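I have placed the structure first, in the form of structure tokens, so that the comments after it can refer back to it.
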There are 4 protein chains.
Amino acid sequence: MVIVMRPGATEDQLQAVIQRVEEHGLTPHVSRGKTQTIVGCIGDEHRLEEPVLLSLPGVARVLSVERPYKLASRDFATGSTIVPLGDKATVGNGHFAVIAGPCSVEGHAMLRETATEVAKAGAVALRGGAFKPRTSPYSFQGLGEEGLQILARVRDEVGLPIVTEVLDTRHVALVAQYADVLQIGARNMQNYALLSEVGSTDKPVLLKRGMSALLEDFLLAAEYIMTEGNANVILCERGIRTFERAMRNTLDMGAVPFLKRETHLPVIVDPSHAAGRRDLVEPLALAAVAAGADGLIVEVHPDPDRAKTDGDQSLSFEMFAHMMHVGRAVRKAVQ
Amino acid sequence: MVIVMRPGATEDQLQAVIQRVEEHGLTPHVSRGKTQTIVGCIGDEHRLEEPVLLSLPGVARVLSVERPYKLASRDFATGSTIVPLGDKATVGNGHFAVIAGPCSVEGHAMLRETATEVAKAGAVALRGGAFKPRTSPYSFQGLGEEGLQILARVRDEVGLPIVTEVLDTRHVALVAQYADVLQIGARNMQNYALLSEVGSTDKPVLLKRGMSALLEDFLLAAEYIMTEGNANVILCERGIRTFERAMRNTLDMGAVPFLKRETHLPVIVDPSHAAGRRDLVEPLALAAVAAGADGLIVEVHPDPDRAKTDGDQSLSFEMFAHMMHVGRAVRKAVQ
Amino acid sequence: MVIVMRPGATEDQLQAVIQRVEEHGLTPHVSRGKTQTIVGCIGDEHRLEEPVLLSLPGVARVLSVERPYKLASRDFATGSTIVPLGDKATVGNGHFAVIAGPCSVEGHAMLRETATEVAKAGAVALRGGAFKPRTSPYSFQGLGEEGLQILARVRDEVGLPIVTEVLDTRHVALVAQYADVLQIGARNMQNYALLSEVGSTDKPVLLKRGMSALLEDFLLAAEYIMTEGNANVILCERGIRTFERAMRNTLDMGAVPFLKRETHLPVIVDPSHAAGRRDLVEPLALAAVAAGADGLIVEVHPDPDRAKTDGDQSLSFEMFAHMMHVGRAVRKAVQ
Amino acid sequence: MVIVMRPGATEDQLQAVIQRVEEHGLTPHVSRGKTQTIVGCIGDEHRLEEPVLLSLPGVARVLSVERPYKLASRDFATGSTIVPLGDKATVGNGHFAVIAGPCSVEGHAMLRETATEVAKAGAVALRGGAFKPRTSPYSFQGLGEEGLQILARVRDEVGLPIVTEVLDTRHVALVAQYADVLQIGARNMQNYALLSEVGSTDKPVLLKRGMSALLEDFLLAAEYIMTEGNANVILCERGIRTFERAMRNTLDMGAVPFLKRETHLPVIVDPSHAAGRRDLVEPLALAAVAAGADGLIVEVHPDPDRAKTDGDQSLSFEMFAHMMHVGRAVRKAVQ
């Protein structure tokens, strides 16, 4: 922590700041300039997060110096984390993985067909929503446990591990019984009760970035999961909310290389929710590959025009296969 | 719903759109212009939310016409809703209410002292966090049930109804046992499981706007609670996240008069979280009163410089009393 | 400037940073923590803005300590600035001023009528656009010099000083010939050539905040004007662009008390452009008064439904008179 | 234009709306639903932009149907535009072009060296600032005309066409005398006087997207240039301002495929200003290539650590050559 005093701060005001810092067990280093004095605080910065500093008389600004996340930080890790997707696939540290499937599980036949086709095109995991978070209470909310059963059945039939969202702390055990990877959606990225709960399971967690989450908040959400003992967190950039509404969200592509430098966790991209319309999914997916993402999660449907949810942004099998084909070439180009 | 065709759209493409609209039970009205044709869809627009339209060939844009919320809308209500705060106080429809108290319940003595002082200054309800949502897992997470017990004891002693946050569907019954009003925090505004759960109780709900929630999303979150049968929802504007970071959040003051026109629910303002520093709380509180808010929720602490959480934005008793004094004069001026 | 080293930074990397700081004439103060070392730089921080620091090996972050503005800063001023509006009116340091008039000058009769009516209701200056910045090249661009002549004529007839926008460095001399106050619009807030040019005149400048301008950028734009020798700058908050599009802009009400603490310049609010619709103008205007603004600039038209530009957000004479009446009561309440 | 009436709107209110639409020469098509009535307006929508509609009694919402840009729209063009960069290079319609060079022209030797090296690595045009827009008036403002002369001299020596920014309407003729392409910076994207002025020259214009410009605003800015007769506009996405401040700007990668569908103009990307730090430039550049951009504009400096401006985000020759090498492979992969 660095405390910047106001130009006209008095010696008494400075001493009060120094005392406050010392009270919390840190060592203040005072640097006096011509117009401004700054106090560097050496020690465990975390202890100064709660104490009032900004409101002390004479204080102009308080600047954090340390990253607030630890377990998620690359600074404290050796190498990059590889997260398992079921038994056979992995993501991270050079292992590139594509997760694909419908927005919602609508029934067995459509899910089985989708799983078969996306596997053929190169996907290594199947996504599908059983519990759906919807902006409107009047929208389709998913098949619930029946959807989970269908997912599990298709896993057995096709052999792809399954990724599905959990919305409620009370459902974590249930969903974990069926899923290979638990997904936390963007709207729940700061649902700390839910983060802690999935952190207590032994299932990997695919954590989506919240619509207005700073990258620092995103890593702190991962930290919530990791502090419970679950180190298998996959970060997923899916677009943020900005003033631009021409597309559903603004894909923050810079987040990919930035996060790769900040954290050892795998970073994947969801081009479907960013684009909001299917013709923009492939260019964004390819861009993510080129930017160094560790994987993709993409919505695919046997008949996108008839999908129950997110049809506008779902790819057909043909479009998905094309995306995978070009994506492999891009991946090869950047390696 | 209005569907706008591309300038060069063919007759076949138009017919496919018409058919899709009719399939879902709406009546298409086609208006042909020189360069563009539009299709107005008469009927229950809600049925066209899921079906794919934007991706149909020849479609340029799809525009929603109806408000997606119903129960929360002023269009379908008679008069404004008055929400009870315990037995003696109310908010809405001309009843102005100030809720005040510490960010966190830190102990019995400090809470009792705060309750006594804010009541003296004119507050009609006591706020205080027992379960705290914190950005970092390493921060103080609240006293939990012990905090609830302290709140209930102080209610008995001082006579103010209590408002406290619930974070987890599993705690709703517990918190509802103690609280007069359940608070849903900004980070949980789209935690739909939690919204439904508090909607099933008979306690009024104070719903905070999410950091990146459109006002439409905000009203849809209220709708989630109301569709479960709980009509007592208080909307709380507390600042949104924008590019400006000089203050903790950007208080969207326009939301107050806008919401007052859109919904019959009471609208209050939290100037503390918007400002993030105590010297800006009073001007924002007064502005909210002048803009027509139905109430305020304000953080107050016996010794803000020593508060366990949010000390920088907590008012002292003296500052709170001053704010209340001027606030009453402003309220009188605008009535 | 404070330079934060990465946890694993080497001694050589630290020495390279120290050397870079010394090269530019500042004195480095090194504080070594257990995991992180920080370098406080004492001296003229401005000299370290251009030099590369962030990219030096081992550097984690570079934090600015000083405010980048000087002339605009309250730290270096004595008291608050009072800016003249023509001969008889002033704004700032307790002098509250309302500037009102049509978006565009449409003709002599309408302007004269407006001036007469707004003066009667308490406005002390007349606004009106002769050169209009329009998002579309196909929109009405204003009457140009003819508009300026009409403004000057109405000033003579009614006695209100005139505020009008200048868009082009080549027009500054011309507009300054007619206007009492030069307005810089939001879109030109970082048109530095224009800022310097109006800074070279002896006319006060009403500077509107850019749609995505940080408050720091806003004060730096004022600084551009002031470094040319023109100290009479009025800052105008008029709403910023955020994800929320329910209203035209998001009025950043916190900017008012924040700026009042940071700068000695007068701060006024434009509720018309923030609201974008006339029924929301009064509540936002009253809120601005309650928040401590030094004045308002409001769009008023004799027949808003027939206004050539911005009719939706223009007040009628009656609405304006009502706003002024309540506004005076609010101002009295907060003084 | 589609006008949506409020649920309880009266027949008289509807008739007033119909009359207003007819007055401006459009034909209203009324569609009456159970709860809501909508009025589709057939004809030149542009005529309804200024007239007041939203404020008429009974009106709920007014929705635009037509794109407000015409010349820039793909709907009204045949094929994609190819813009010349000097005599030998072009950009657009499959012609991929990289423009590279220092942020500022600092002198002849450094510029010549840079031009030689970037040409060797595959750049087809040289960028370099002579007039610099700086957020602070205390920062280096560029060499002015001397910088232009150096650029022209290096063009003669090395053979690359030059791209340089113009900031002031009064300098357009001067800069056009030296430059092959005139650049309009992000801060001037809505400086309409400047747009019109460069639209009157015969030089191609590289137009950067404003920090808070909607893609619609961006295309309207291009329209300003094109309505003056200059059809050679290159659009440049360079990042927008969002709540995320970990990087200098948020690169809106979706803008690339979106714009490619909306307009026939070439779309390039500036990864340097988006990233703000050199280690993130290459991944963003590669992503832009993969997303389908028509080119890149990149900051390169002989000794980035000693650059006068933007050193943190400037690439060394070696980094640039590496980026070009991988970029070619990515381009091949996506073609």
Side-chain angles (χ1 to χ4, degrees), chain B residues 67 209-219 237 239-262 269 271 274-277 279-293 323 325-335, chain C residues 209-219 237 239-262 269 271 273-277 279-293 323 325-335:
Chain B
R67 302 275 186 268
R209 181 182 183 185
M211 264 187 285
S212 59
L214 298 173
L215 291 170
E216 185 177 301
D217 298 338
F218 192 16
L219 288 168
E237 162 66 31
I240 56 175
R241 186 165 267 182
T242 70
F243 64 84
E244 180 58 72
R245 307 301 302 274
M247 284 148 290
R248 187 166 174 181
N249 290 289
T250 299
L251 190 58
D252 179 6
M253 196 57 84
V256 174
F258 183 88
L259 287 171
K260 294 291 293 174
R261 280 152 184 75
E262 284 296 310
V269 168
R277 42 183 263 203
D279 62 328
L280 302 182
V281 172
E282 180 178 307
L284 289 180
L286 300 177
V289 174
M323 184 204 89
H325 178 72
V326 186
R328 266 187 296 270
V330 172
R331 175 121 180 99
K332 213 173 150 187
V334 297
Q335 268 178 320
Chain C
R209 182 181 181 186
M211 264 188 284
S212 58
L214 298 173
L215 291 171
E216 185 177 301
D217 298 338
F218 192 17
L219 289 167
E237 162 65 33
I240 56 175
R241 184 165 269 182
T242 71
F243 65 84
E244 180 58 72
R245 308 299 302 273
M247 285 148 289
R248 188 166 174 181
N249 290 289
T250 299
L251 189 59
D252 179 6
M253 196 57 84
V256 174
F258 182 88
L259 287 171
K260 294 290 293 173
R261 279 153 184 75
E262 284 295 310
V269 168
H273 282 84
R277 42 183 263 204
D279 63 327
L280 301 181
V281 172
E282 180 177 308
L284 289 181
L286 300 178
V289 175
M323 184 204 88
H325 178 72
V326 186
R328 266 187 296 269
V330 171
R331 175 120 179 100
K332 213 172 151 189
V334 297
Q335 270 178 320

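What you see is a predicted model; the values in this text were computed from it and never measured. In what follows, every chain begins at residue 1, and chains take the letters A, B, ... in the order their sequences are listed.
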Determine the minimum heavy-atom distance between B/Leu280 and C/Phe258, stating which atoms define it.
CD2-N, 3.9 Å

Chain C contact via B/Met253 - side chain, backbone, both or neither, heavy atoms under 4.5 Å
both

So for C/Ala291, is it side chain, backbone, both, or neither that comes closer than 4.5 Å to the heavy atoms of chain B?
both

Can you tell me if B/Glu244 uses its side chain to pair, donor with acceptor, with the backbone of C/Leu215 under 3.5 Å?
yes

Against chain B, work out which of C/Ala288, C/Gly292, C/Gly239, C/Ala287 has the most heavy-atom pairs shorter than 4.5 Å and name it.
C/Ala287

Interface check, chain C: of B/Asn249, B/Ile240, B/Leu251, B/Val326, most non-hydrogen pairs under 4.5 Å belong to B/Ile240

Most heavy-atom pairs under 4.5 angstrom with chain B, which of C/Ala213, C/Ala274, C/Pro271, C/Ser212?
C/Ser212

Set of salt bridge (Lys or Arg N to Asp or Glu O under 4.0 Å) partners for B/Arg261, sequence neighbours left out:
C/Asp279

So which part of C/Thr242 gets closer than 4.5 Å to some heavy atom of chain B, the side chain, the backbone, both or neither?
side chain

Which atom pair, heavy atoms only, marks the closest approach of C/Met247 to B/Ala255?
CE-N, 4.0 Å

Side chain / backbone / both / neither for B/Ala275 at chain C, heavy atoms under 4.5 Å:
neither

Non-hydrogen side-chain atoms of C/Val269 and C/Val289 separated by less than 4.5 Å
no

Kindly compute the distance separating CG (C/Asp252) from CZ (C/Arg209), expressed to the nearest 0.5 Å.
4.5 Å

Which donor-acceptor pairs under 3.5 Å do side chains of residues 327-335 of chain C form with protein atoms, sequence neighbours excluded?
| residue | atom | partner | partner atom | Å |
| --- | --- | --- | --- | --- |
| C/Arg328 | NH1 | C/Ala121 | O | 3.3 |
| C/Arg331 | NH2 | C/Gly94 | O | 3.2 |

What residue, out of C/Glu282, C/Glu216, C/Arg277, has the most heavy-atom pairs lying under 4.5 Å from chain B?
C/Arg277

Whatever's closer than 4.5 Å to a heavy atom in chain B on C/Leu284 counts as side chain

